[in-house]
Amino acid sequence: MKNIVILTGSGISAESGISTFRGGDGLWDGHRIEDVATPEAFERDPDLVQSFYNTRRAQLATVKPNPAHAALVALENAWQGEFLLVTQNVDDLHERAGSKKLIHMHGELKKARCLETGQVYDWQGALTQDTVCACCQREGMLRPHIVWFGEMPLAMEHIYHALRKADIFLSIGTSGLVYPAAGFVQEVRRNNRNCRTVEINLEPTAGRSYFAESVYGKAGEVLPGFVQQLLND
């Protein structure tokens, strides 16, 4: 039985209508990254940061999983070896499609975290500086459970353990520019030179040369057929 690790990025969510918020000018929804996606930004202007993520959280109610999400669920359900889906996305589309063996390495929009205790809570609505934290009973102590620039991605030990054992690695809808995720393909190649590595994207990424195979097109269009072929093999 073969072990598979799959990495997904913003491309798979964009096909469901989720705005990446990242424009060609480097701004996120009209804001500099330094103003909405760093610990220093939250300390400097927590109202702005909370508002930014409240908007992103509310957007989730207007979108739904697409055929690419469904294909990954079908793959997970049928796979006989070890399976791990690692996503850089902070939306809940994988879960809503039915994915279970899943790690959100950059956090989740529908969770909040206490600044004092580190306790993580499921969170559906808006967060404000008036919100009272359940564990410390103080206002202004809950932040979005999001990995900001300068912070360590989540569950990295678990992810690297799976990468070291992978026989197949798929990278779907990612830019290949954001580390450490961009280095996952090199990690699997270091540990298993025979690991099957496949890039599935709209177009070749900066890391294309590290992949043995490539499939280009919208994930929702090409992934269902690829998954079926993978299961048949």
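The structure displayed is predicted, hence computed values, not measured ones.
- Closest non-hydrogen pair, Arg57 versus Leu109, comes out as NE-O, 2.7 Å.
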(request) Under the side-chain contact (heavy atoms from CB on, under 4.5 Å) rule, what do Ile18 and Leu93 come out as? Steps first, then yes or no, please. (result) CA-CA 10 Å; Ile18 288 187; Leu93 293 178; 3.7 Å; yes

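- Taking both residues in full, the closest heavy atoms of Ala219 and Pro224 are given as O-CD, 3.6 Å, listed atom of the first, atom of the second, then distance.
- Of the N and O atoms on the side chains of Glu139 and Gln129, not one donor lies less than 3.5 Å from an acceptor on the other residue.
- Contact check for Gln119 versus Tyr121: side-chain heavy atoms found under the 4.5 Å cut-off.
- Shown are Thr8, Ile4, Val5; of these, the side chain to side chain contact (heavy atoms under 4.5 Å, CB included) with Leu85 is made only by Thr8.
- Within the 4.5 Å cutoff, the side chain of Arg143 has heavy atoms near those of the Trp148 side chain.
- The distance from atom CG of Leu75 to atom CG of Leu231, rounded to the nearest 0.5 Å, is 5.5 Å.
- Summarising the geometry of Glu116 relative to Cys136, their closest heavy-atom pair is OE2-CB, 4.2 Å, with the distance given to 0.1 Å.
- Pairing each heavy atom of Ala181 with each of Gln88, the nearest pair is CB-NE2, 3.4 Å.
- Side-chain atoms of Asp92 never come within 3.5 Å of backbone atoms of Lys110 as a donor-acceptor pair (strictly under, hydrogens ignored).
- The closest side-chain heavy-atom distance from Leu154 to Ile103 is not below 4.5 Å.
- Listed for the Asp122 side chain is no donor-acceptor partner under 3.5 Å among the backbone atoms of Lys111.
- A donor-acceptor pair shorter than 3.5 Å cannot be found between the side chains of Glu199 and Tyr210.
- Minimum interatomic distance between Leu177 and Ala206 (heavy atoms only, all atoms of both residues): CD2-CB, 3.8 Å.
- If you take CD on Glu43 and CG on Leu115, they are separated by 10.0 Å, rounding to the nearest 0.5 Å.
- Residues Glu95 and His69 have side chains that never bring a donor and an acceptor to within less than 3.5 angstrom of each other.
- The OG atom of Ser51 lies 11.5 Å from the CG atom of Leu127; values are rounded to the nearest 0.5 Å.
- Side-chain atoms of Gln228 and Asn232 form a donor-acceptor pair, as typed in the model, at a separation below 3.5 Å.
- Between Ile6 and Leu84 the shortest side-chain heavy-atom distance does not fall below 4.5 Å.
- You'll find the side chain of Pro180 reaches within 4.5 Å of the side chain of Pro153, heavy atoms only.
- Checked by atom type and distance alone, the side chain of Glu203 never pairs as donor or acceptor with a backbone atom of Gly217 at under 3.5 Å.
- Separation of atoms OG1 (Thr197) and CD (Gln186) is listed at 11.0 Å; rounding is to 0.5 Å.
- Among residue pairs with one or both ends in residues 161-177, those qualifying as salt bridge (Lys or Arg N to Asp or Glu O under 4.0 Å) are Glu82-Lys165; sequence neighbours excluded.
- Residue Gln80 places its CD atom among 12 or fewer non-hydrogen atoms of other residues, nucleotides or ligands, all under 6.0 Å distant.
- Remark: Ser13 OG to Glu15 CD distance equals 9.5 Å, nearest 0.5 Å.
- Note that the CG atom of Leu7 and the CE atom of Met105 stand 7.0 Å from one another [nearest 0.5 Å].
- Contact of the Leu230 side chain with the Arg196 side chain is registered, since non-hydrogen atoms from C-beta on lie closer than 4.5 Å.
- A cation-pi arrangement is not found for Arg113 relative to Trp123, the charged atom failing to lie both closer than 6.0 Å to the ring centre and inside a 45° cone about the ring normal.
- Contact detail for Met1 and Gly81: the closest heavy-atom pair is CB-CA, 3.9 Å.
- Residues Asp35 and Asp45 fail the side-chain proximity criterion, which asks for heavy atoms closer than 4.5 Å.
- Counting only N and O atoms by type, the side chains of Thr174 and Ser171 include a donor and acceptor under 3.5 Å apart.
- Between Phe211 and Phe169, the ring-plane angle classifies as parallel under the 30° and 60° cut-offs.
- Lys218 is listed as a side-chain neighbour of Leu202, based on a closest heavy-atom distance under 4.5 Å.
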